[in-house]
Each structure stands twice: as structure tokens, then as C-alpha cells.
2 protein chains.
Amino acid sequence: MSKSNETHASLIQVSYCLFAEHGIAKTTYTMIAKEVGIAKPSIYYYFDSKDALIVGVFDELCKGIEFAAFFDLEQFTEDNFVESLIAIGAKMIDEQDKDPYFTRVLQEYMLLATRNQDFSKRLLALQRDYLSGFEALLEKASTLGLLRNKDNLTAKAHMLALILDNIGHFMMFDEQIDYKQIWIEAVYSLFTRDE
Amino acid sequence: MSKSNETHASLIQVSYCLFAEHGIAKTTYTMIAKEVGIAKPSIYYYFDSKDALIVGVFDELCKGIEFAAFFDLEQFTEDNFVESLIAIGAKMIDEQDKDPYFTRVLQEYMLLATRNQDFSKRLLALQRDYLSGFEALLEKASTLGLLRNKDNLTAKAHMLALILDNIGHFMMFDEQIDYKQIWIEAVYSLFTRDE
DNA sequence: GTCTATATGGGGATAGAC
DNA sequence: GTCTATCCCCATATAGAC
């Protein structure tokens, strides 16, 4: 990796952490430069403005978090459907547990998105990707005859998406809740199972 | 209302709106003073610092949003339980629809709370209030024999709290989802009903 | 690519008159 | 209670050498 790429990556990485710790608006070039170990004006060689840096961090944040990165429709079969769904949710909860910065920074961008079309378009696309992903998943489950009830698949799919999403929000400042159990209950509530 | 109280209330109200539109960090005394129609230093008569103003807006934000303000346990009976639960959710969704500022400002404070003990304590208490409120509600439903399944009442209660909470988040930037239907599905998924 | 030096603007906050 | 005038600081950003 060239020196240029190294510094670029370091700028993104450091900014990401500082955005989580102090918020985007209160993170300054002075703080970033100090942490990266370069002079403040050097940042302008990589990003024309603070806004450009904010976009750069967002680009990085969005990498590899689309629905398909976690859910592979093919892997779900009649025999493993419920278990797979629960396992993936548990995995996502673990990852958020390990990187508490992620949710915070994402929240920062969600708020930015309420005032900025570019961000709102991209976040909306991401959200829609998850909603339609869960819809496809439940359709497959329905075809396999695994659902307790086949009505309103769309609303049910959205419900799952909402729960998984909000677990992240809650985790930001309440560690005492059994999030995996909530996810299990949500999944069980839709699927038939021995009781 | 005295002149003093009038200005105080106006400062809170205007700040609340500006916080939603521009974010707390990017809202300045200059903007607030202009909107309220007083000179910038006059604000210091009411709030010693910007931090004090931020707390003042938060105090106002917290008024009347506790669980009991929406859910009265007494009103839930065997006959109206599911309908009441659905109706209250629908009412909360309508209110958030009418005041899109509320969720945004609350989100701003949630992020502040990740860096500030005072805010995090108070938000945590509010969250716990909702979680235990839903627990009590489901216990009553269970006693009345209305639940499909009596296991893991806590996780089920938390699931409802999560969904209602996150509907607000989603509403911030996606108006095309049938949120009331999602709430209905969530409620139905726990209660027995004719199918 | 990275530096030092510097410009410029606007933020929060205070002094003190009315 | 509200004003005008003013201070200090630090933010983003630029100029230009190396």
C-alpha cells in the first residue's frame, strides 16, 4: 500500500472513531490531524473540505452491510430455516456488541440524512434493501409452509427488519437486556413450532 | 404569563425547532436570538451557557412522554385488550407523524447521551419505564388468558417496546411504509385471535 | 505528500449602560 | 430584562516552501 493510501485509510479510520466519540459536528481537523500524526493542512491533500471527509467516512461505513452480506437466501432450507434466521440475528448482535462505534456513527449519519438529500437517498436505499430482503425471506418460508400465518407478509417482514435495526439503537446505552432472546421471540412469533 | 416566562418559553420552543432542523451542535445563539427576536446576549439572562439551554430543551422534551401518559393499565379489559393496544399504537404513530421534529430531537439527545452521564441516566430511566410498562401489560394479558403463549413474557414485552420505538426512527425518512399494519402484526403475533 | 505560517470568519461569552 | 459593544478562541481553509 502506498504512503498516500495509508494516510488516506488512516484518516478515514481515525475520523470514524472520533465521529463516534465526539459526534461529527464536534470533531475537528485539529483532533484528526493530531491522532493521525500529520499536520492539519495535510488533510486537505486528501479531502477538499470537511464535508468531503464526512462523505468519505460514510462511503466506508456503507461497505459490506447490505442485506445480502448477512443473509444468503439459498442457505435457508425447510430443515434449518428458523435456526439459521436466529443464528444470523445473533451474529449481527455480537458484531454490534464488538463495535459499539458503528451504531453511533450510523445514527449520526441518519440525523445528517434528515437535512441532506444525498445521505437520505443512500440510507433509504439501504433500508429498502433490508425490507425487501426480509420480504423475500418470508416468501420463501411461506412457500415451504413454515409460517404460522401467511397474511400480511410485507408487514411481518418489516417487523423483523425494525426489530433487528432497533436492537442496535437500544444496545447503544442499555446492556442489560437479553437482545438475542428478543430476536428469538420475534422469529418464533411468526413461525410454527412445537410448543 | 409574565414577560420573563414568555421569553423563556419562546427560547425553549425556538431552540427545539432549530435543534431538529440543524442539529444541536450547529444551532447557534445567533440563530436562536434572531428567531426569537431578541439580542444574542439576552439569552444569557435565561441560560448561563449553551449547555444549560440544551438541558432546558431536554427537560421540556421529556414532559408527558412516560409510559403511563399513553397506557392506562386499568382501561385494558378482556374484551377490549387487543383493540386498545392497537389503537394506542396508532395514536402514537399519528402524533409522531404530526410532529416530525420530536423524533429528530430525541435522536440528537440519544447521541449526546452516549457521551454524557446525565442524559444517559434519564433516557435509560425512560426506556426502562416503557419496558416495564409493557411487561406489566403483558402480565395482565396473560392473567386474562389472552396470550397465545405465556413463555418469555419479558422478551415479548421488550419486543413490543422496540417496535414502537423504532417506528419513530423509520418514520424519520421513509413515509411509504404502513407502520400501523406493522404494529398490528406485532400485537397479533402475541395474542390469540380468530384466523 | 507534507510542512509552517497565516487569513478569515463566526462561535460562545462578558461588561456595563439603560 | 434587554440592549450595544467587544473580547477571546478556535474552527475551516489557503498560500506557498520543501
Side-chain angles (χ1 to χ4, degrees), chain A residues 1-60 104-105 108-109 111-112 115-116 118-119, chain B residues 1-60 104-105 108-109 111-112 115-116 118-119:
Chain A
M1 193 193 263
S2 71
K3 180 77 181 168
S4 168
N5 282 342
E6 252 176 56
T7 307
H8 186 272
S10 181
L11 279 169
I12 296 281
Q13 173 63 26
V14 163
S15 300
Y16 170 80
C17 294
L18 290 173
F19 284 180
E21 284 167 13
H22 306 282
I24 293 175
K26 304 212 95 167
T27 299
T28 68
Y29 267 30
T30 304
M31 295 159 68
I32 298 169
K34 188 182 173 187
E35 190 75 17
V36 171
I38 59 175
K40 193 163 56 166
S42 301
I43 304 175
Y44 287 90
Y45 176 78
Y46 297 93
F47 301 96
D48 287 343
S49 66
K50 195 183 168 185
D51 280 346
L53 171 64
I54 292 171
V55 171
V57 172
F58 185 65
D59 291 341
E60 190 62 30
R104 284 199 219 174
V105 180
E108 289 276 340
Y109 281 101
L111 281 169
L112 276 193
R115 303 159 211 134
N116 177 308
D118 286 341
F119 289 133
Chain B
M1 196 192 262
S2 72
K3 181 75 180 168
S4 167
N5 282 341
E6 251 177 58
T7 306
H8 183 91
S10 180
L11 278 169
I12 296 281
Q13 172 62 25
V14 164
S15 300
Y16 171 79
C17 294
L18 289 173
F19 284 0
E21 283 167 14
H22 306 280
I24 294 175
K26 304 213 94 165
T27 299
T28 68
Y29 267 30
T30 305
M31 294 160 67
I32 297 169
K34 188 183 173 187
E35 189 76 17
V36 171
I38 59 175
K40 188 164 63 162
S42 302
I43 303 176
Y44 287 88
Y45 177 79
Y46 297 93
F47 300 97
D48 287 343
S49 66
K50 196 184 168 186
D51 280 346
L53 172 63
I54 293 171
V55 171
V57 172
F58 185 65
D59 290 341
E60 190 62 30
R104 286 198 218 174
V105 180
E108 289 276 340
Y109 282 101
L111 281 169
L112 276 193
R115 304 159 210 135
N116 176 308
D118 286 342
F119 289 133

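Numbers restart at 1 for each chain; the letters A, B, ... are given by sequence-line order, proteins then strands.
- By the ring pair (Phe, Tyr, Trp, His ring centres under 6.0 Å) test, A/Phe47 is found to be paired with A/His8, residues two or more places apart in sequence or in another chain being considered.
- A/Phe19 pairs by the ring pair (Phe, Tyr, Trp, His ring centres under 6.0 Å) definition with nothing, not counting sequence neighbours.
- By the ring pair (Phe, Tyr, Trp, His ring centres under 6.0 Å) test, B/Tyr46 pairs with no residue at all, sequence neighbours left out.
- Not counting sequence neighbours, the partners of A/Asp118 by the side-chain contact (heavy atoms from CB on, under 4.5 Å) test are A/Asn116.
- Remark: C1' of D/dT2 and NZ of B/Lys34 are 20 Å apart, rounded to the nearest angstrom.
- Applying the side-chain hydrogen bond (donor to acceptor under 3.5 Å, both in side chains) test to A/Glu60 and every residue at least two apart in sequence or in another chain returns A/Lys63.
- Counting any heavy atom pair closer than 4.0 Å across all strands shown, B/Ser42 reaches a base atom.
- One axis for each end of the helix from C/dG1-D/dC18 to C/dC18-D/dG1, each built from five base pairs, and the angle between them comes to 10° at 10° resolution.
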Nucleotide by nucleotide, nucleotides 5-18 of chain D touches protein heavy atoms under 4.0 Å in the pattern (B base, S sugar-phosphate only, - none) B-----SBBB----
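- In this structure, CD1 in B/Ile24 is found 4.5 Å from OH in B/Tyr109, a value given to the nearest 0.5 Å.
- B/Tyr45 places its OH atom 19 Å from the P atom of C/dA13, with the value rounded to the nearest Å.
- Remark: C1' of D/dG1 and CZ of B/Phe47 are 14 Å apart, rounded to the nearest angstrom.
- To the nearest 0.5 Å, atoms CG (A/Leu53) and CG (A/Asp48) are separated by 11.0 Å.
- For B/Asp59, the salt bridge (charged side-chain N to carboxylate O under 4.0 Å, His left out) criterion is met by B/Arg122, not counting sequence neighbours.
- Residues satisfying the salt bridge (charged side-chain N to carboxylate O under 4.0 Å, His left out) test with A/Glu21, not counting sequence neighbours, are none.
- For the pair B/Ile32 CD1 and C/dG12 C1', the computed distance is 11 Å after rounding to whole Å.
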Counting only pairs under 3.5 Å, give me each side-chain donor-acceptor contact of residues 29-39 of chain A, with atom names and distances, residues two or more places apart or in other chains.
| residue | atom | partner | partner atom | Å |
| --- | --- | --- | --- | --- |
| A/Tyr29 | OH | A/Ser49 | O | 3.1 |
| A/Tyr29 | OH | A/Lys50 | N | 3.3 |
| A/Thr30 | OG1 | A/Lys40 | NZ | 3.4 |

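- In this structure, CG on A/Leu18 lies 10.0 Å from CD on A/Gln13, to the nearest 0.5 angstrom.
- The stretch residues 52-59 of chain A does not touch DNA chain C, since none of its heavy atoms comes less than 4.0 Å from the strand.
- Taking atom OH of B/Tyr46 as the reference point, atom P of C/dA13 lies 18 Å away to the nearest angstrom.
- Regarding contacts with the backbone of C/dG1, every side-chain N or O of A/Thr7 stays at 4.0 angstrom or more from both OP1 and OP2.
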